[in-house]
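The next block holds one structure in the form of structure tokens; read it before the comments.
Order of appearance sets the numbers: ligands from 1, and atoms from 1 within every ligand.
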Amino acid sequence: MTTARTQGFSTTAIHAGQEADPATGAVVPPIYQVSTYKQDGVGGLRGGYEYSRSANPTRTALQECLAALEGGAQGFAFASGLAGQDCVIRSLTVPGDHIVMPTDAYGGTYRYVNSVALPGGIEHTVAPMGDLDAVRAAIRPGQTRLVWVETPSNPLLGIADIAGLAEIAHAAGALVVVDNTFATSYLQQPLALGADVVTHSTTKYAGGHSDVVGGAVVVARELGVAAYADVGERIGFHQNAIGAIAGPFDAWLVLRGLKTLAVRMERHCDNAERVVDFLTGHDAVSQVLYPGLPGHPGHAVAASQMRRFGGMVSFRLRRGEDAAVKACAAVRLWTLGESLGGVESLIEHPGQMTHASVAGTPLEVPGDLVRLSVGIEDAQDLIEDLREALDIHG
Ligand SMILES: *Cc1c(COP(=O)(O)O)cnc(C)c1O
């Protein structure tokens, strides 16, 4: 197996876990659309394959590639990002345990923690991850098992210092889980900064073409808390015991997406920078949230832990929520829709769309906020379309 540490990111993305098929020489791992495997005598498994919930060769290829790209020991592919996060939380907590959650987590993650984990006896405290003292204060030594981090965060593009948080969490006996969906493994390597587990919604940049829903979990080679040395085994056990695995075709689509992740991310970043320039100069816009801006409170940390600043941009409109909602509907080239990370540019109103489920909680987002997933079209076309929408409604 090829490893991430000895070669460049794109070489790993294109080759890790993807040796030519031994039977035919097919250069791309086939879609093993199969549920079960012939045994050579009872228990005589070929390559360890027995039943596709437990293991499937297309999923194995993806899992090896994911682990290599994050520089981790083991990768796991799931049916969705939330299925992967559910598996992480179930594998690492029991009733009575406590999680520190970010103030602006992905809405679905917070809904899970608040409406599924909490009734199951797993408590949480919400803390601003950009403020190390606040996180230290939120940790309950002996009870806190996980510090959950999203950086950049969704939808406010807040930045958290992964290395700083890892130090604080580990000292208190807790692990750090980083949702690396926004940054991607190309722009940010949380495990190298001390995180223990990385999660992704591969639905987003990893897949990259808005044609698949999937999730990934990668476990570090060395865990920051000795008592958790078996995290990889626990997650592997739960992946099979719960069964929310990525199917073969979905695994194949994500694997194909990963091959172009680096080139796509460079273009997403180029276009985002151009869009940020435009928005910063527009009268209707009261604030642009992008970690690449020198005035962003997390800019220095982002510059130290990210290769570039990503393709997600949020902004606020002077004239409030009504203007934000109308601007989202007035664009023509941008697609009004949830999700992010595809080649096509998307626009949305977090307050009424992706983050409607956190209204009335500490994670509620401002009504005048618009979120952009800047795609890889021609930047000038994206800017002209935004200009028209903002000139009328902003
Ligand atoms: C979309 C998303 C998720 C959830 O992933 P699904 O694939 O939709 O289940 C989790 N975290 C972040 C940051 C996301 O954007």
What pair of heavy atoms forms the shortest contact from Leu157 to His296, and how long is it? O-NE2, 2.7 Å
Just jot down the ligand 1 atoms closer than 4.0 angstrom to any heavy atom of Glu150, in number order. 13 (C)
At what distance is the nearest protein heavy atom to atom 4 (C) of ligand 1, and which residue and atom is it? Tyr106 CE2, 3.3 Å
Geometric cation-pi criterion Lys38 and Tyr51, 6.0 Å radius, 45° cone: no
Which protein non-hydrogen atom lies closest to atom 9 (O) of ligand 1, naming both residue and atom, and how far is it? Leu82 N, 2.9 Å
When you measure from atom 14 (C) of ligand 1 to every protein heavy atom, which one gives the shortest distance, and what is it? Lys204 NZ, 3.0 Å
Against heavy atoms of Leu340, which atoms of ligand 1 measure under 4.0 Å? 15 (O)
If the plane angle is over 60° it's perpendicular, under 30° parallel, otherwise tilted; pick one for Tyr205 and His268. perpendicular
Looking only at protein heavy atoms, what sits closest to atom 6 (P) of ligand 1 is Gly81 N, 3.4 Å
With heavy-atom distances below 4.0 Å as the criterion, list the atoms of ligand 1 near Gly214. 7 (O)
Look at the rings of His282 and Phe278 and say which category their plane angle falls in: under 30° parallel, 30 to 60° tilted, over 60° perpendicular. perpendicular
Which option out of Thr203, Val212, Thr354, Asn180 puts a heavy atom nearest to atom 7 (O) of ligand 1? Thr203
Is it the case that atom CG in Asp283 sees more than 12 heavy atoms from other parts of the structure closer than 6.0 Å? no
Give the atoms of ligand 1, by number and element, whose distance to some non-hydrogen atom of Asp179 is under 4.0 Å. 10 (C), 11 (N), 12 (C), 13 (C)
Note: Asp230-Arg234 ion pair, threshold 4.0 Å (strictly below): yes
Is it true that Lys326 and Asp322 have a side-chain N and a carboxylate O under 4.0 angstrom from each other? yes
